[in-house]
Asker: 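Dropping a structure here in structure tokens format, bear with me for questions.
Note that this is a predicted model, so its numbers are computed, not measured. In what follows, every chain begins at residue 1, and chains take the letters A, B, ... in the order their sequences are listed.
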Amino acid sequence: MNLATKTIRSVDDLKDVVATYERFGEFALDVETRASRKVRMLTLPGDIPPATKGTSRAATRTVVCPSCGREFPPRHGRKWCDDLCRLAAEKDKPALDARTNAVWSISLAGPGRADVIPCGHPDPRQQLEVDDVFAALEPLLFSDRRKIGQNVSFDLLSIAKYYDGAIPPPPYGDTLTLIFLLNENLPSYKLGALSKRYLGLAYADKLGEHAYTTFFEKAVRYSLVDAKMAWMLWWKIHPKLTKATARKLADLFDLEMQVMHVLMNMRQAGAFVDLEEFHHIRPELERQFTEKLAEIREMVGACKCERPRWVERDGINLNSTAQLAHYLYDEAKLRCEFLTEGGARSTSAQALKGLTKRHPVPGMVLEFKDLQKLQSTYISGYIPHIDEDSRIRASLNQTRAKTGRLSCSDPNLQNIPARHKETFEATMVRRLFRAPPGKKLIVADYSQIELRILAHQTKDRLLVYAYTHNLDLHAQTASLIWRIPQDQVTGEQRAIAKNSNFNFAFEGGPGRVEAMSGIPIREAEEVYSAWHRAYPGVKKWGKTVKRFCWEHGYVETLYGRKRRLPEITSDDWKERSYAERQAVNHPIQGTAADIAKIAIVEVHKTLQDFDAALVLQVHDEFVIEVAERQVDEVLPLVRTAMEDIRLGTRPVLDVPLEVNISVGNNWAECK
DNA sequence: ATGGGTAGCGCG
DNA sequence: AAAGCGCGCTACCCAT
């Protein structure tokens with residue numbers, strides 16, 4: 001395919017372009033952007049020390065921190081005034097922040113042509129003004145024409161700034177999501193790799209973020225090529241979905257595009273947090289774990305290890321598995337019970353826990369690690385992501401998890417501590433995710449969705465029975481394992497049964513239940529066989545799924561989302577077994593993901609009539625921000641949106657979906 | 001200095 | 001015989 005290309009430099013040319021593309025039902029687009037701000041301001045409002053501009057002689061002895069703007073005494077080799085500012089500089093990528101970046105070029109591609117509109121490249125030659133360009137493009141972008149692009153949500157969000165935050169409306173055609181749906185195992189989803197694979201066109205996409213600083217002609221060509229490639233990819237690949245055999249995939253793709261729209265809105269809104277508390281907790285935790293560290297170092301003392309590098313100065317580094325293992329197993333002569341995958345002596349929490357009875361240090365190390373983890377990952381790690389309006393705008397990614405789940409990054413808000421720790425309140429971070437003034441948080445989560453899907457998929461009589469009769473499945477399991485009436489089940493038995501349900505359902509073995517419940521392996525083995533006697537449909541279904549995968553090379557969810565597993569036929573036992581467990585897992589986890597995606601679209605639609613917005617998605621859980629006065633009205637609508645999920649015209653599962661909903665002022669409160 | 005691999009760990 | 005899957009992030013460590 002050879003496309004006529006043009007560089008647009010005048011208002012007349014721009015008018016021509018708009019008139020031309022208005023004749024098309026769909027077009028591809030790509031924007032090039034640059035950073036328009038420095039890294040995020042890290043200090044609290046009102047906490048910013050006045051940057052004394054050379055008024056005192058101190059100015060000659062201080063340097064300005066590039067992150068926060070504060071002056072600080074220069075220390076050898078230090079660019080930033082403290083760790084937080086260093087983190088901010090490392091994490092923050094202003095050019096890729098669609099909310100603040102500046103567009104300096106936009107390119108379009110359609111049937112037989114491609115055009116590029118430079119509008120802010122530093123080259124001195126004639127260019128249009130970016131505001132004029134977007135004013136002219138408005139009828140095109142805000143029409144029902146399909147907007148196509150590679151990772152087009154980034155482009156659309158970058159564009160939205162120029163329309164007061166209004167996102168160009170659907171329909172969308174994201175080539176990244178399209179290709180991921182058709183093949184989730186590619187080594188790279190960059191445009192260069194995809195065009196080589198699907199179009200046989202090799203082109204260098206190494207320019208990346210440097211496009212802005214490179215020569216005009218090259219930069220413009222680069223900008224143009226991306227739109228062109230996206231257009232060609234779309235036309236090469238999308239027709240595959242229109243075949244009658246691809247009906248399910250076509251529906252899934254439509255769903256993904258609707259989800260993309262929701263995610264763009266969520267990203268714009270962000271999650272409100274208590275910035276002041278973040279800054280309050282950080283030094284407090286730091287104090288606690290440095291204290292603990294000093295205590296431990298006191299006891300560990302200097303070590304006669306042959307690597308003096310880490311002994312001489314500060315004593316043992318507890319974050320180093322090598323040093324910790326050396327101390328525990330060589331110096332303190334403790335018996336090593338666990339090995340790592342790589343064969344090294346393990347210093348995992350599990351291993352340390354087993355040593356606490358014999359030695360005081362492992363327990364202290366555990367406490368130290370808990371505090372340090374909380375501080376580094378969830379406090380210091382999050383602060384550089386907080387915007388000036390006290391909101392965190394993480395990325396929710398649609399093309400990472402091969403089962404179809406969403407993933408979350410920069411920062412990951414899907415792994416915030418939720419469970420209690422013995423020594424301290426680990427849910428403190430959740431408490432920092434708050435409802436802004438005048439609003440409440442609603443948390444709605446599916447109850448045991450994966451086990452319900454298991455019941456549906458396996459058709460196991462007693463699993464289905466438990467859910468259709470709204471029984472306590474874990475108690476039922478305990479009653480079946482130990483052959484006792486349900487009202488005689490102890491709390492401990494129920495806990496073991498619960499672990500069994502989650503483990504054995506996905507090809508888990510007795511070893512895991514042994515580890516989690518702390519019961520002897522012999523007992524765990526008995527529980528294992530009793531569980532499978534109680535629910536014979538599970539193993540039977542597992543065998544069927546594995547055979548299907550072996551014959552077809554893939555497995556799929558109820559909605560037809562495929563997972564290709566070529567290793568299923570491997571001769572290597574380890575590889576093959578892994579693939580088999582993945583095969584059994586995918587129809588469960590993947591179907592849950594499909595349901596969650598349908599739900600997120602429905603919930604988002606529902607909230608449009610209210611002063612409410614989705615804030616977070618954690619797989620089977622939605623966090624929603626809603627005006628206080630509307631809470632009572634919204635609650636039942638959210639429940640219906642989530643519970644009434646259909647496949648075609650019928651409810652998706654043979655068993656009901658159940659949703660728990662709670663309301664509160666912060667996330668920790670809702671449970 | 002920067003990148004990849006490993007260990008470890010948070011969540012569902 | 002032995003067996004959970006799916007993510008992302010921090011820190012360390014060694015190589016380039």
Side-chain angles (χ1 to χ4, degrees), chain A residues 77 83 87 90-91 184 307 309-310 317-325 338-352 365-366 369-370 372-382 385 394-397 399-419 421 426-427 429-430 445-451 454 499-516 521 524-525 528 539 542 563 565 573-574 576-590 592-593 596 616-622:
Chain A
D83 272 6
L87 281 177
E90 284 169 6
K91 281 171 193 261
E184 71 286 356
R307 277 181 297 176
R309 186 162 54 84
W310 51 270
N317 179 354
L318 296 176
N319 291 320
S320 160
T321 50
Q323 293 181 33
L324 190 52
F338 300 93
L339 293 181
T340 68
E341 187 126 351
R345 295 170 299 181
S346 172
T347 58
S348 64
Q350 192 192 16
L352 291 176
V365 173
L366 281 170
K369 285 194 162 194
D370 283 344
Q372 153 106 15
K373 168 107 179 164
L374 207 64
Q375 199 277 132
S376 62
T377 303
Y378 301 105
I379 303 295
S380 286
Y382 280 7
H385 289 287
S395 311
L396 279 166
N397 203 303
T399 54
R400 284 247 225 289
K402 294 180 163 74
T403 53
R405 272 186 171 186
L406 297 178
S407 91
C408 183
S409 61
D410 306 299
N412 183 0
L413 299 180
Q414 290 180 323
N415 69 345
I416 299 175
R419 306 188 241 279
K421 283 267 186 233
T427 58
V429 181
R430 256 167 209 245
D445 69 293
Y446 283 108
S447 159
Q448 300 175 357
I449 188 167
E450 291 200 342
L451 287 174
L454 181 77
N499 279 335
S500 305
N501 286 337
F502 287 125
N503 290 321
F504 301 148
F506 310 112
E507 306 270 294
R512 237 183 122 77
V513 164
E514 178 206 11
M516 288 181 76
I521 184 69
E525 279 162 2
Y528 175 83
K539 262 199 172 162
R563 174 101 195 249
L565 293 163
W573 175 84
K574 233 182 128 158
R576 191 180 62 247
S577 311
Y578 183 40
E580 285 175 354
R581 294 194 297 273
Q582 290 173 314
V584 173
N585 183 263
H586 176 77
I588 312 283
Q589 189 183 110
L616 298 168
Q617 189 261 28
V618 192
H619 309 306
D620 64 352
E621 173 183 7
F622 298 129

Asker: Kindly point out which of C:dG6, B:dG8, C:dG8 is positioned nearest to the side chain of A:Thr321?
Answerer: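 Of the options given, the side chain of A:Thr321 lies nearest B:dG8.
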Asker: Check whether any side-chain nitrogen or oxygen of A:Lys421 sits under 4.0 Å from OP1 or OP2 of B:dG10, and answer yes or no.
Answerer: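 Checking B:dG10 against A:Lys421, a side-chain N or O does come within under 4.0 Å of OP1 or OP2.
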Asker: Is there a side-chain contact between A:Lys91 and the phosphate of C:dT10, meaning an N or O under 4.0 Å from OP1 or OP2?
Answerer: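 It does, given that an N or O in the side chain of A:Lys91 lies less than 4.0 Å from OP1 or OP2 of C:dT10.
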Asker: Would you indicate which nucleotide in B:dA7, C:dT10, C:dC7 comes nearest to any side-chain atom of A:Ser376?
Answerer: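 Between B:dA7, C:dT10, C:dC7, the one nearest the side chain of A:Ser376 would be C:dT10.
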Asker: If the cut-off is 4.0 Å, is A:Arg581 near the phosphate of C:dC5, judged by side-chain N/O to OP1 or OP2?
Answerer: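 A:Arg581 to C:dC5 OP1/OP2: side-chain N or O found under 4.0 Å.
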Asker: What's the closest nucleotide to the A:Ala349 side chain, out of C:dC7, B:dG12, B:dC9?
Answerer: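 Minimum distance to the A:Ala349 side chain belongs to B:dC9.
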Asker: A:Ser320 side chain N/O closer than 4.0 Å to the phosphate oxygens (OP1, OP2) of C:dA11?
Answerer: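 A:Ser320 to C:dA11 OP1/OP2: no side-chain N or O under 4.0 Å.
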Asker: Hey, is the side chain of A:Arg512 poking within less than 4.0 Å of OP1 or OP2 on C:dA2, counting only N and O atoms?
Answerer: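 Answer no for this pair, as no side-chain N or O of A:Arg512 is under 4.0 Å from OP1 or OP2.
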Asker: Ignoring backbone atoms, establish whether A:Gln582 has a side-chain N or O less than 4.0 Å from OP1 or OP2 of C:dG4.
Answerer: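 For C:dG4, OP1/OP2 do not have a side-chain N/O of A:Gln582 under 4.0 Å.
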Asker: Considering just the side-chain nitrogens and oxygens of A:Tyr578, establish if one lies under 4.0 Å of OP1 or OP2 belonging to C:dA2.
Answerer: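 No, no such contact exists.
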Asker: Is it the case that B:dG12 (base atoms only) and A:Arg405 (side chain only) share a donor and an acceptor within less than 3.5 Å, ignoring hydrogens and angles?
Answerer: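 Under the 3.5 Å cut-off, the side chain and the base do form a donor-acceptor pair.
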Asker: Starting the side chain at C-beta, find the nucleotide from C:dG6, C:dC9, C:dC13 nearest to A:Arg563.
Answerer: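 Of the options given, the side chain of A:Arg563 lies nearest C:dG6.
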Asker: Does a side-chain N or O from A:Thr377 land closer than 4.0 Å to OP1 or OP2 of C:dT10, or not?
Answerer: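 No, because none of the side-chain N or O atoms of A:Thr377 sits under 4.0 Å from OP1 or OP2 of C:dT10.
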Asker: With a 3.5 angstrom cut-off on both distances, give the Watson-Crick or G-U wobble partner of C:dA3, or none if there isn't one.
Answerer: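 Pairing partner: none.
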